[in-house]
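Report on one structure; see the data block that follows.
Keep in mind it's a predicted model, so treat the numbers as computed, not measured. Note that the numbering runs from 1 along the sequence shown for the chain.
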Amino acid sequence: MSDAPQQQEVLIVTGMSGAGRSTAANALEDLGWYVVDNLPPQMLRPLVDLAEHAGSTLPRIAAVVDVRGRDFFSDLQGMIQSLREGTQLRVLFLEATDAALVRRFEAVRRPHPLQGDGTLLDGISAERARLRPIRESSDIIIDTSDLNVHQLATAVQERFKTAATAGVQVTVMSFGFKYGAPADADLIADGRFLPNPFWIPELRPHTGLDDDVSEYVLGQNGAREFLDQYAKALEPVLAGYQRENKRHATVAVGCTGGKHRSVALVRELADRLASYPGVVVSVKHRDLGRE
């Protein structure tokens, strides 16, 4: 008996201009959602049909729909009602107070899309009236008045993350200082405090991926203590990254050429970091093979 096909999860992101739709869309994208911005309501049905045809390739899609669609936007309420039949659909509505919206529009020095020849408050008032029926039928409402972009992203992440969603994806990278420190590293550690296997003839042609080199490096005084203490120090850092919505981080460990010590240390460090909640680890040996 075959498994039932997975039903697509569809989210419509809408709400007041200036309330943080772009921030919410970016947070959803970081969670693995397929996000389409400024989609006319009439295109929602073709998008859902496409996602259903794609199956597991597009299991979660989010469409940002708002008054930038001008006259097309008036069809949104009817389209939502139509899609609720047979589709796992939710509507996320973002709102904020007039004062907060005015402050944000003035900060970017842009007019409200419905302002026309009137004032900023006129545009905000017109948008509230147009959105009222959609707000009343929304599944999730977030008031962003007192939230900065990081706090809003956190609020969205908390509501839509799944058990399989990684809090932070960490690349643990080995490198050689003689080729320069990696510019994209968030944290750099120096493995040159350990004896260099390069000076041992039988180890020189091998790398930190080989057991003989790894055993030599990890057997040196201070090697395992460094790994234990550094991994322990990184635990609150990676937890903090998750709280601050920093979803990607690179932890680099260097040695002279990026061939022996750093490679062996990175393999061990990656295993330790992978045990932390919400952390998914990948390993990269930047300079392996350059000698």
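Panel note: side chain Thr97, backbone Ala100; a donor-acceptor pair is recorded below 3.5 Å. A donor-acceptor pair under 3.5 Å links the side-chain atoms of Thr154 to the main chain of His150, judged by distance alone. Counting only distance, with no hydrogens or angles, the side chain of Arg21 and the backbone of Val64 share no donor-acceptor pair below 3.5 Å. The backbone N or O of Val65 lies less than 3.5 Å from a partner atom in the side chain of Thr14, making a donor-acceptor pair. Formation of a donor-acceptor pair under 3.5 Å by the Tyr276 side chain with backbone atoms of Ala239 is not found in this model. Within the 3.5 Å criterion, the main-chain N or O of Arg204 finds a donor-acceptor partner in the side chain of Lys259. Side-chain N or O atoms of His260 include one that pairs as donor or acceptor with a backbone N or O of His206 at under 3.5 Å.
To the nearest 0.5 Å, atoms CE (Met173) and OG (Ser282) are separated by 9.0 Å. Here the CG atom belonging to Leu83 is positioned 10.5 Å from the CD atom belonging to Gln81, to the nearest 0.5 angstrom. Rounded to the nearest 0.5 Å, atoms CZ (Arg110) and CG (Leu120) are 12.5 Å apart. For the atom pair OG1 of Thr23 and CG of Leu94, the computed distance is 9.0 Å after rounding to the nearest 0.5 Å.
Under a hydrophobic clustering in which Ile, Leu, Val, Met, Phe, Trp and Tyr are joined whenever their side-chain heavy atoms come within less than 4.5 Å, directly or via other members, Leu273 and Leu218 fall into the same cluster.
For the residue pair Ser125/Asp122, the side-chain donor-acceptor check at 3.5 Å is not satisfied. Side-chain contact of Ser214 with Arg267: a donor-acceptor pair under 3.5 Å is absent, judged by distance alone. In the model, Arg261 has a side-chain atom that pairs as donor or acceptor with a side-chain atom of Thr256 under 3.5 Å.
Remark: Arg286 is not positioned above the aromatic ring of Tyr179, lacking an NZ or CZ atom under 6.0 angstrom from the ring centre and at most 45 degrees off the axis.
When the shell of 6.0 Å around CG of Asn221 is examined, it contains 12 or fewer heavy atoms from other residues, nucleotides or ligands. In this structure, Met43 places its CE atom where only 12 or fewer heavy-atom neighbours from other residues, nucleotides or ligands lie under 6.0 Å away.
Under a 4.0 Å N-O distance rule, the pair Arg159/Asp139 does not qualify as a salt bridge. Using a cut-off of 4.0 Å between Lys/Arg side-chain N and Asp/Glu carboxylate O, Glu268 and Arg272 are scored as salt-bridged.
Contacts of Ile200 classified as side-chain contact (heavy atoms from CB on, under 4.5 Å), with partners at least two apart in sequence or in another chain: Glu202, Leu203, Tyr216. In this structure Lys246 satisfies the side chain to side chain donor-acceptor pair (under 3.5 Å) test together with Asp186, sequence neighbours excluded.
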